[in-house]
Amino acid sequence: MKQYVGLISLLVADYDEAIEFYTQKLGFDLLEDSPQGEKRWVVVRPKGAVETAILLAKASNEQQKQQIGHQSGGRVFLFLNTDDFWRDHQRMQQQGIKFLETPRQEAYGTVAVFEDLYGTRWDLLQLN
């Protein structure tokens, strides 16, 4: 038996600005952008990723809008693994990505916390 997480739903305020951020600033691939009535089915995935992708889900009510950027209660929500931390850290800084800390070396690898355009916290992580 094989299982994996296929999609993670991430609340966003606007489809187009989220697509621009994830594809232009983070360098993700846009896998799908299909109309679904009043909504759209928008899926992005980091370059080189195979199984897990992110569904950019536009908030559709006030409760959802209040959760944009806070889906994990202020903790790191997502982990962007890389094969070259310093390459990606430099590229992301050049794209204006906001890092919340200086990169640090931990027993498990090199890591730094950054925020997406809505304040969702991510780890940029290169495992040892």
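The first residue of the sequence shown is numbered 1, and numbering continues consecutively from there.
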Return a table of donor-acceptor pairs under 3.5 angstrom between the side chains of residues 46-54 and protein atoms on other chains or two or more places apart.
residue	atom	partner	partner atom	Å
Lys47	NZ	Asp29	OD1	2.4
Glu51	OE2	Lys2	NZ	2.8
Thr52	OG1	Val5	O	2.8

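The shortest non-hydrogen separation linking Ala112 to Pro103 is CB-CA, 3.9 Å. Residue Ala18 comes nearest to Val12 through the heavy atom pair CB-CG1, 3.8 Å, listed as atom of the first residue, atom of the second, then distance. Between Ala59 and Ile68, the closest heavy-atom pair is CB-CD1, 3.8 Å.
Remark: aromatic rings of Phe99 and His89 are close, center separation under 6.0 Å.
Atom CG of Asn81 and atom CG of Leu125 lie 4.5 Å apart (nearest 0.5 Å). The structure places CG of Leu26 at 5.0 Å from CZ of Phe114, a figure rounded to the nearest 0.5 Å. Rounding to the nearest 0.5 angstrom, the gap separating the CG atom in Asp14 from the CD atom in Glu20 is 10.0 Å. One finds the CD atom of Gln67 at 15.0 Å from the OH atom of Tyr118 (value rounded to the nearest 0.5 Å). Note: Gln105 CD to Gln126 CD = 8.5 Å, rounded to the nearest 0.5 Å. Thr82 OG1 to Leu127 CG: the interatomic distance, rounded to the nearest 0.5 Å, is 10.0 Å.
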Test Glu17 against Leu117 for side-chain contact (heavy atoms from CB on, under 4.5 Å), laying out the working first. CA-CA 9 Å; Glu17 72 181 6; Leu117 73 165; 3.9 Å; yes
Between Leu55 and Trp41, is a side-chain contact (heavy atoms from CB on, under 4.5 Å) present by the stated rule, with each step listed? CA-CA 7 Å; Leu55 173 68; Trp41 186 260; 3.7 Å; yes
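Remark: Gln24 pairs with no residue by the side chain to side chain donor-acceptor pair (under 3.5 Å) rule, at least two apart or across chains.
Clustering of Ile, Leu, Val, Met, Phe, Trp and Tyr by side-chain heavy atoms under 4.5 Å joins Met1 with none of the others. Tyr4 belongs to no hydrophobic cluster, as no Ile, Leu, Val, Met, Phe, Trp or Tyr side chain comes under 4.5 Å of its own.
In the displayed structure, Glu32 atom CD is contacted under 6.0 Å by more than 12 heavy atoms of other residues, nucleotides or ligands. Atom CD of Gln36 sits in a crowded spot, with more than 12 heavy atoms from other residues, nucleotides or ligands closer than 6.0 Å. For Trp86, the CH2 atom sits in a packed shell: over 12 heavy atoms of surrounding residues, nucleotides or ligands are nearer than 6.0 Å. For Glu101, the CD atom is densely surrounded, since the number of other residues' heavy atoms within 6.0 Å is greater than 12. Other residues, nucleotides and ligands contribute at most 12 non-hydrogen atoms within 6.0 Å of the CD atom of Gln90.
Between Asp33 and Arg40, some side-chain heavy-atom pair lies under the 4.5 Å cut-off. Inter-residue side-chain proximity for Leu124 and Phe79 is flagged as unmet; no heavy-atom pair is nearer than 4.5 Å. Side-chain atoms of Phe21 and Ile97, non-hydrogen and from C-beta on, do get closer than 4.5 Å to each other.
Within the 3.5 Å criterion, the main-chain N or O of Val44 finds no donor-acceptor partner in the side chain of Tyr22. Side-chain atoms of Tyr15 never come within 3.5 Å of backbone atoms of Leu56 as a donor-acceptor pair (strictly under, hydrogens ignored). Side-chain N or O atoms of Gln64 include one that pairs as donor or acceptor with a backbone N or O of Ser60 at under 3.5 Å.
Under a hydrophobic clustering in which Ile, Leu, Val, Met, Phe, Trp and Tyr are joined whenever their side-chain heavy atoms come within less than 4.5 Å, directly or via other members, Leu78 and Val111 fall into different clusters. There is a path of hydrophobic side-chain contacts, each under 4.5 Å, that joins Phe28 to Phe77. Criterion: ILVMFWY side-chain heavy atoms under 4.5 Å apart, direct or through other members. Under it, Ile8 and Ile19 are part of a common hydrophobic cluster. Tracing side-chain contacts under 4.5 Å through hydrophobic residues (I, L, V, M, F, W, Y), one reaches Leu80 starting from Leu11; they form part of the same cluster. In the hydrophobic clustering of ILVMFWY residues, with side-chain heavy atoms under 4.5 Å counting as a link, Leu10 and Leu7 come out apart.
Annotation: salt bridge (charged side-chain N to carboxylate O under 4.0 Å, His left out) contacts involving residues 65-87, sequence neighbours excluded, comprise Asp83-Arg87. Sequence neighbours left out, the pairs with a member in residues 113-123 that pass salt bridge (charged side-chain N to carboxylate O under 4.0 Å, His left out) are Lys98-Glu115.
Look at Lys58 and Asp16 and you find no salt bridge, because none of the NZ, NE, NH1 or NH2 atoms lies under 4.0 Å from a carboxylate O.
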